[in-house]
Each structure stands twice: as C-alpha cells, then as structure tokens.
Protein chains: 4
Amino acid sequence: MARVTQTAETSGTGRPAPRHHGNRHGRSELARLAVLEAADDLLVEKGFAGLTMEGIATRAGVAKQTIYRWWSTKTDVLLDAFLQDVAEDLTVHDSGDLARDLRAHLRDVASFLTASEPGAVYKALIAQAQHDPVFAREFRSRCLDDQRRRDRLPLERAVERGELPADLDLAAETDQLMGPVYYRVLVTEESIGAEFTDRLVDAFLHRHGLTARA
Amino acid sequence: MARVTQTAETSGTGRPAPRHHGNRHGRSELARLAVLEAADDLLVEKGFAGLTMEGIATRAGVAKQTIYRWWSTKTDVLLDAFLQDVAEDLTVHDSGDLARDLRAHLRDVASFLTASEPGAVYKALIAQAQHDPVFAREFRSRCLDDQRRRDRLPLERAVERGELPADLDLAAETDQLMGPVYYRVLVTEESIGAEFTDRLVDAFLHRHGLTARA
Amino acid sequence: MARVTQTAETSGTGRPAPRHHGNRHGRSELARLAVLEAADDLLVEKGFAGLTMEGIATRAGVAKQTIYRWWSTKTDVLLDAFLQDVAEDLTVHDSGDLARDLRAHLRDVASFLTASEPGAVYKALIAQAQHDPVFAREFRSRCLDDQRRRDRLPLERAVERGELPADLDLAAETDQLMGPVYYRVLVTEESIGAEFTDRLVDAFLHRHGLTARA
Amino acid sequence: MARVTQTAETSGTGRPAPRHHGNRHGRSELARLAVLEAADDLLVEKGFAGLTMEGIATRAGVAKQTIYRWWSTKTDVLLDAFLQDVAEDLTVHDSGDLARDLRAHLRDVASFLTASEPGAVYKALIAQAQHDPVFAREFRSRCLDDQRRRDRLPLERAVERGELPADLDLAAETDQLMGPVYYRVLVTEESIGAEFTDRLVDAFLHRHGLTARA
DNA sequence: AAATAAGCGAGACGGTACGTCTTGTCTTAAG
DNA sequence: CTTAAGACAAGACGTACCGTCTCGCTTATTT
C-alpha cells in the first residue's frame with residue numbers, strides 16, 4: 001500500500017502538515033494510515049491467524065483503544081486496508097471489442113486473486129465472510145458489490161453497443177464467466193492460465209452466437 | 001450425526017454405566033464420538049468463532065488432553081465430524097441419461113451447500129482452508145478430491161456411454177458446471193434455484209451439441 | 001460541601017447565566033467548585049477506588065485538562081475538597097474548664113472521624129498518605145498540622161491558666177489523648193463511645209493529679 | 001521471606017521434589033511462593049501504586065490467571081505474603097515482669113512498624129483497609145485480631161499472676177498503650193524512640209498503682 | 001472596534017493495567 | 001496405556017483511565 005512516512009504529512013500544496021494527535025474535529029489521519037498499513041503487512045507476514053489487534057497496534061505505534069475507536073474487529077480493519085489499496089486496481093478494459101475485453105478482464109481477475117498481495121487479503125475476507133454473517137453483509141456492500149458491477153461492465157457495454165441482446169440475464173451470465181475462476185481459486189486451488197479463462201470466454205461467445213477466437 | 005447418548009453408557013441391565021476412564025486397549029470410541037458430536041453441535045449453536053477446544057471438551061465431557069491426543073486443531077476435529085456425517089450423503093445419480101443426472105446432481109449440491117447443516121460445516125472448512133495452507137492440503141486430500149470425483153462422475157459415465165467425446169477436458173468442464181454454484185454460495189450468497197442450475201446444464205449440453213431440454 | 005448549583009450561574013437579575021468558558025485573567029470559580037463537589041460526591045458514591053479523574057471531569061461537566069491544570073492527582077483534588085468543606089468544622093471548645101473541654105473535644109473528634117462524610121474523606125487521605133510520601137508531606141502541612149494544633153489547644157490554654165505545669169511535654173500528652181481514638185478508627189474499627197473518650201480524659205487528669213469526675 | 005530457589009523443591013527427607021506445574025490434586029507450591037515473594041519485592045521496589053498484578057506475574061514467572069485463580073486482588077496477595085513472612089515475627093516477651101515485658105513489647109512493635117520491611121507492608125494493608133471494607137474485614141480476621149491478641153498478652157499474664165486486678169478492661173487498656181504508637185506511625189509520622197514508648201508504659205503502671213521505673 | 005491571549009469544553013491520542021478467555025502442555029489417580 | 005480432571009505458562013481479548021495534545025470558542029483586557 002502507499003507508504004505513509006513523512007510525505008503524507010505535507011500535502012503537495014504546501015499546506016501545513018496535519019500531524020495532529022486527535023482533536024475534537026476528527027481523527028488522526030496518520031494513525032488511520034499506520035493501522036491499515038500495519039494490518040496489511042502483518043497479514044502477509046504472519047497469516048490471518050497470526051494477525052491480532054495487539055500486533056497491529058504495536059506495529060502501527062498506535063494505542064489499542066485507537067483501533068477499537070474506529071474499527072470493531074481485525075476483519076473490519078482488513079477490509080478498510082483492502083479498500084485503501086485497491087480502490088482503483090481492477091479497472092475494467094474498454095476497447096470496444098467484447099471478446100478482447102472479456103479475455104483481458106478474466107485474466108486480470110485471475111492474476112489478481114492468485115498472485116497479488118491484495119488478492120490474498122481479498123481471499124481472507126471472503127473466507128471470513130463465511131464465518132461471520134455480520135461481516136459478510138458489510139463486506140458485500142462495501143466491496144463485493146462494486147467488484148460484481150465491474151465484472152458485469154463489459155457485458156453491459158456490449159449490450160449498449162448492440163453486440164448482445166438487451167434481454168440477456170447479465171447476472172447469470174456473469175456468474176458463468178466468473179464462477180469457475182473463483183471456484184478454482186477458493187476451492188480447488190488449481191492454477192489458472194490464460195487457456196482456462198479464454199475457454200470460459202469462448203464458451204460465452206459461442207453460447208451467444210458470436211465468433212469465438214478469430 | 002449419529003447420536004451417542006445414553007445407550008452406550010448404560011448397559012441394558014440398569015447397572016450404573018461403566019463410563020470407563022480409559023483402558024489399556026486402545027482409544028475410547030465413546031470419547032471419539034462425543035467429541036465429534038460436540039463439535040458439530042457447537043458449530044451450529046455458536047458459529048465457527050465460538051467453537052473452541054475448551055468448549056468441545058466440556059460439552060463432550062472429555063478431557064482436553066484426550067482431544068489433543070487424537071486431533072491437532074479444532075478444524076481437524078470438524079473435518080472428522082464432517083466425514084463421519086456425510087460419508088455417503090452426496091451419492092451421484094445414475095439414470096443413464098446425462099442431462100437428467102447433471103440436473104439432479106447440481107440441484108443436490110446446491111441444496112447441500114445452502115440448506116443442510118453439514119453444508120454449513122463444509123463452507124466453514126473451505127473458508128478455513130483459505131487461512132491455513134496446512135489444513136487446506138489435508139482438507140483437499142481427505143474431502144475435496146472425493147467430491148471433485150463425484151462431480152465428474154456423470155461426465156465420465158457419459159463418455160463411457162459415448163454421449164460425450166473421449167478427448168473432452170473433464171476437469172475444465174466440471175469447473176464450468178460447478179464453479180458458478182460455488183461462486184454463488186461462497187461469494188455472492190445469492191439464492192440458487194433450479195432455474196439457475198438447469199441453465200448451467202443447458203449451457204453445457206448446448207456447448208457440446210446435445211439437445212437442451214425439449 | 002456548599003452546593004454550587006444555579007445561584008452561581010444566574011445573576012439575581014434573571015439574565016441567563018454567564019457560563020463563561022474561561023477568560024484571560026484567572027480561573028473559573030464555577031469549574032473549581034464543580035470539580036470539588038464532584039470529587040466529594042463520587043468518593044461517597046463509589047469509594048476511593050471508584051474515584052477517577054475521568055469520572056470527576058464528567059460529573060463536574062468539566063474538561064479533564066481543566067482539572068490537570070489546577071490539580072496534579074485525584075488525591076490533590078480530594079484534599080482541596082476536604083479543606084473547602086471543613087475549614088471550620090472542628091472548632092475547639094473553650095469553656096475555661098480543661099476537663100470539660102477535653103471531654104467535648106475528644107467526643108467531637110471521634111464523631112467526626114466515625115460518623116461524618118468529611119471524616120470519611122479524612123480517613124481516605126490518611127490512608128493515601130501511607131502509600132504516597134509526596135502526598136503525605138502536603139497533606140501534613142496543609143491539614144494534619146492544623147488539626148494537631150487544634151488537638152493541643154485545650155492543653156495549651158490550661159497551661160496558660162496554670163492548671164497544668166509549664167514544662168509539660170504537650171506533644172506526648174496529645175499523642176496519649178488522641179492516639180487511642182485514631183487507633184480505634186484506623187486500625188481496630190471498634191465503635192467509640194463517650195465512655196471510651198471520657199476514660200482517656202480521666203486517665204490524663206489522674207496522671208496529672210487533677211480530680212477526675214466528681 | 002524464605003527464598004524459594006531450588007531448596008524448596010526437595011524436602012530434607014529426600015522425597016522427590018514436587019516441581020509439578022499443577023494437577024488435579026492441588027496447586028503448585030512453587031508458583032504460590034514465587035507470587036508472594038514477587039509481591040513483597042515489588043512493593044518495596046516500586047511502592048504500593050507501582051505494584052500491579054501484571055508486574056507480580058512477570059516477576060514471579062507465572063501466568064496472570066494463576067494469580068487470579070488463588071487471589072482476587074493485589075491486596076489479597078500482599079496479605080498472604082505478609083502472613084507468610086511474619087507468622088512468628090512479633091513474639092511476645094514473657095519474663096514474668098509486667099513492666100519489663102510491656103516496655104520490650106512496645107519497643108518491638110514500634111521498630112517493626114517504622115523500620116522493618118514487613119512493617120511497610122503492614123502499613124500498606126492498614127491503609128488499604130480504609131479504602132476497602134471487604135478487605136478490611138478479611139485483614140482484621142486474618143491478621144489484626146492476632147496482633148491484638150499478642151498486644152493484650154502481657155496484660156493477661158499479669159492478671160493471671162495477680163499483678164493486675166481481674167476486672168480490668170483489657171481492651172481499653174491495650175488501646176491506651178498501643179494507640180499512641182499507631183497514631184505516630186500512621187498519622188503524625190513522628191519518630192518513636194524508647195523514651196516515648198517507656199513513657200506510655202510508665203503512665204499505664206502509674207495508673208494502676210504499680211511502681212513506675214525503678 | 002479590533003486584536004490579543006488566557007481559560008475553557010471537547011475529545012482523540014499513546015500508553016498501561018485490568019480481569020477474562022483460550023491455547024496447548026503437564027501431572028496425577030482411576031480404570 | 002487411556003482417561004477425566006484440572007493447574008499451569010503464555011498471550012490476545014476488549015475495556016477503563018491515565019496524562020498529554022490540539023482545537024475552536026468565550027471572554028476581559030489592551031491596543
């Protein structure tokens with residue numbers, strides 16, 4: 001994630017650094033970022049089980065109470081840390097060509113999930129959502145729904161362009177495209193190559209009478 | 001799971017239960033079953049986070065040491081409990097008709113995952129596998145691989161019958177069939193009706209030039 | 001203690017209270033009294049252990065910083081609160097008759113220590129002085145020494161009147177008179193009746209050849 | 001206090017050392033002694049305010065839970081530590097001569113309270129008893145009552161020997177003897193020399209028509 | 001009238017200790 | 001040799017106060 005350090009204290013504009021330790025007009029941005037960064041780092045270093053509120057506090061140089069003031073659980077911290085990092089990571093391609101966009105998107109998602117650090121956090125959060133319905137709800141509304149919207153975007157654009165029929169059940173089609181990817185990531189842990197994702201796209205195109213691969 | 005209860009503790013004569021505290025000939029089946037049952041019950045009652053070794057021991061009327069002697073973690077206990085319960089639950093249909101078998105199988109899997117108590121345990125185990133690579137390995141070898149074999153079975157039989165070409169990539173096809181189901185269960189938590197699973201089967205059949213539903 | 005309440009906040013004219021939030025020259029008497037009163041009340045309500053700076057601030061409707069600006073510890077606040085209340089409480093009797101004055105004084109001290117609310121504060125302060133030498137010094141100079149002077153007063157007057165010899169060791173005599181009272185209060189917690197204090201006075205009178213009670 | 005170290009693990013008889021870490025048949029004597037010793041040491045080193053359960057646990061090499069299992073508060077630990085140390089410290093003199101015994105006893109008590117390490121603990125406990133009525137009760141029954149009995153012992157023996165009348169109010173007389181000593185220790189903190197305690201004894205002897213000092 | 005500067009309320013902050021909980025190990029005595 | 005019982009060291013949990021800090025408001029003087 002973006003390192004905090006000193007650069008965060010002074011905005012580029014030359015305004016004086018906030019550097020405050022909390023006051024009546026809001027929380028310390030410094031503390032907030034330090035916590036998110038510490039959580040990220042510790043998850044990678046020690047795994048989810050080794051990630052503790054105590055550890056985050058120590059690593060971040062922050063009082064435990066400061067964490068509990070703004071977050072309720074370590075999963076809550078992780079979710080914020082994740083959002084901080086990848087707000088814009090998975091931008092969807094828009095070449096105007098459905099086949100090309102879909103292939104690129106599926107490859108992106110697959111590599112994000114299997115090879116990136118935020119992908120590891122993402123998997124941990126999905127896992128935690130299985131154990132904790134309350135968190136599941138929050139995770140879905142603050143994170144998954146956005147991702148789902150991104151996954152559907154190429155199809156929506158194709159509908160707009162007239163490449164796909166307007167009455168298509170986009171949700172179901174998205175499930176068929178993304179489902180197998182998540183399945184391999186979360187359940188079978190088989191590796192996911194381009195041939196796998198491309199085949200999913202081909203099946204989709206074939207299903208809708210579009211020419212698969214040139 | 002099979003209830004242990006009193007029958008094992010009291011002989012039919014009405015004499016006080018033997019309630020043995022160990023003997024020199026191997027482990028106590030009574031203790032083993034009590035532990036598995038307690039784990040199952042507590043998972044349902046208190047959720048995964050509320051499931052503790054301490055709690056299992058107390059509920060089972062068993063010493064903690066007895067649990068640690070035979071299992072290493074609470075997830076390990078849960079896995080055994082799961083296997084004890086559902087060894088034979090998800091038997092695969094074999095009507096000789098691929099379409100019918102696939103439709104039935106996907107509905108079975110969906111309802112198992114979303115509506116049954118062992119399904120909840122199963123989801124908890126998949127979740128834990130994300131956090132713990134060691135457990136993931138064991139879970140896969142003792143549980144997931146079997147399930148994967150069952151998922152593939154209808155296709156294998158169809159290949160034997162000549163309904164499907166012999167060079168089909170069964171793994172990839174299985175992923176496309178099952179993936180969306182697990183995706184909805186684990187990620188989106190949308191409900192899964194027969195229309196959803198049937199559509200997956202139809203897509204599969206269509207993909208391979210077989211007539212989808214009349 | 002003297003209740004602050006509204007009288008201080010509203011001038012007689014009926015104009016809304018000034019309720020000032022500080023000014024450039026000097027501290028807020030309102031805040032000072034609110035703190036002392038809150039400390040007194042909380043000690044009675046929750047005991048010494050339950051008395052906290054945080055609690056005093058909340059109860060007094062005052063910022064913590066305002067307390068720390070003028071006092072260093074909760075014991076420091078308590079001492080001020082005590083002095084505010086009982087500056088004049090234990091006035092010494094002066095009838096011109098040593099026996100009568102002593103008997104009255106000992107009864108007053110005993111009932112102050114065992115039965116009054118400020119007496120409870122006083123005991124708490126003596127206790128704290130055992131734990132904290134720094135506070136002990138301040139407590140002694142700002143409070144105990146005065147009390148000790150009052151205890152000695154009847155004897156000094158008797159010396160002046162010629163009832164007692166001039167070379168009497170007043171400190172030691174005072175210790176013998178007051179010591180047993182404090183001992184019962186602080187150590188044995190036995191009840192102290194007039195027969196007990198009168199006997200102490202009788203012993204003193206007898207010791208110096210004065211007729212004890214007719 | 002008796003140092004624990006290794007000698008405590010083997011009784012002199014050659015029986016195998018307990019050295020156990022807890023079992024179903026009782027607590028660890030090793031842990032118990034380590035806690036008491038740590039509490040004693042820390043009180044001396046850091047004072048009462050600096051004495052914490054956490055600190056005791058760390059110093060004793062013991063888990064916090066082990067302390068809380070057997071004691072409820074730090075004062076509770078201190079009381080046990082005190083009793084462990086001074087069970088036999090203040091043995092009362094018995095020369096057959098009341099004057100001599102009283103003088104010796106008062107000097108002993110005075111030097112115990114003002115100059116010994118256990119005396120410091122004792123004062124801390126008396127102080128705490130002012131703040132906490134529950135502890136006060138326990139302290140009195142487990143400690144103070146014994147001491148009071150010892151203080152009365154010389155008088156009781158004198159009554160038996162016929163030196164003092166049988167109908168003497170021993171409690172009141174003891175208060176007059178000991179009260180001034182405790183008063184100086186707890187309240188005025190003046191130093192207590194032999195001339196002060198001897199004078200108390202003389203006053204007592206004089207009061208009962210016995211020849212004071214030869 | 002405007003500027004100044006101290007006291008004020010509020011409340012976030014880094015810490016420390018609290019008392020509780022669970023983990024995994026150990027010891028014991030019963031069977 | 002297994003068992004139930006349960007004490008133990010370790011360490012995280014979430015809470016409560018500590019004493020410090022920064023902030024923006026109020027207010028009484030000083031310009």
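Residue numbers start from 1 in every chain, and the chains themselves are labelled A, B, ... in the order their sequence lines are given, proteins ahead of strands.
- When distances are taken from the side chain of A:Glu54 to each of E:dT22, F:dC13, E:dG7, the shortest belongs to F:dC13.
- Within the 4.5 Å cutoff, side-chain heavy atoms of B:Trp71 are placed close to those of B:Asp80.
- Taking OG of A:Ser28 as the reference point, atom CZ of A:Arg69 lies at 10.5 Å (rounded to 0.5 Å).
- Taking atom CD1 of residue D:Ile56 and atom C1' of nucleotide E:dT16, one finds them 15 Å apart after rounding to whole Å.
- With rounding to whole Å, B:Leu51 atom CG is found 9 Å from E:dT23 atom P.
- Remark: C1' of E:dA10 and CZ of A:Arg27 are 18 Å apart, rounded to the nearest angstrom.
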Show, in sequence, the C-alpha distance, side-chain angles and deciding distance for A:Asp40 and A:Gln84, and conclude whether the side chain to side chain contact (heavy atoms under 4.5 Å, CB included) test is met. CA-CA 10 Å; A:Asp40 251 352; A:Gln84 179 84 10; over 6 Å; no

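- The CG atom of B:Leu79 sits 11.5 Å away from atom CD of B:Gln128, with the distance rounded to the nearest 0.5 Å.
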For residues 48-67 of chain D, run the donor-acceptor check on the side chains, cut-off 3.5 Å, and write out each pair with its distance to 0.1 Å, sequence neighbours left out.
{"from": "D:Thr52", "atom 1": "OG1", "to": "D:Gly55", "atom 2": "N", "distance (Å)": "2.8"}
{"from": "D:Glu54", "atom 1": "OE2", "to": "D:Lys64", "atom 2": "NZ", "distance (Å)": "3.1"}
{"from": "D:Thr58", "atom 1": "OG1", "to": "D:Glu54", "atom 2": "O", "distance (Å)": "3.0"}
{"from": "D:Arg59", "atom 1": "NH1", "to": "D:Glu45", "atom 2": "OE2", "distance (Å)": "3.2"}
{"from": "D:Arg59", "atom 1": "NH2", "to": "D:Glu45", "atom 2": "OE1", "distance (Å)": "2.8"}
{"from": "D:Arg59", "atom 1": "NH2", "to": "D:Glu45", "atom 2": "OE2", "distance (Å)": "3.0"}

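- Of all non-hydrogen atoms in B:Ala129 and B:Phe139, the two that sit nearest each other are CB-CD2, 4.2 Å.
- Ranked by how close their nearest DNA chain E nucleotide is to the 5' end, A:Arg32 and D:Gly55 are led by A:Arg32.
- The distance from atom CD of B:Glu29 to atom P of F:dT3 is 11 Å, rounded to the nearest whole Å.
- Listed by residue number, the members of residues 61-72 of chain C with any heavy atom below 4.0 angstrom from DNA chain E are C:Gly61, C:Val62, C:Ala63, C:Thr66, C:Arg69, C:Trp70.
- Annotation: the terminal axes of the helix from E:dA1-F:dT31 to E:dG31-F:dC1 meet at 0°, where each axis is the rotation carrying the C1' atoms of four end pairs onto the next four (5 pairs per end, rounded to 10°).
- At least one cation-pi condition fails for C:Arg32 and C:Trp70: the charged atom is not both under 6.0 angstrom from the six-membered ring centre and inside a 45 degree cone around its axis.
- For the atom pair CZ of A:Arg137 and CG of A:Asp132, the computed distance is 9.0 Å after rounding to the nearest 0.5 Å.
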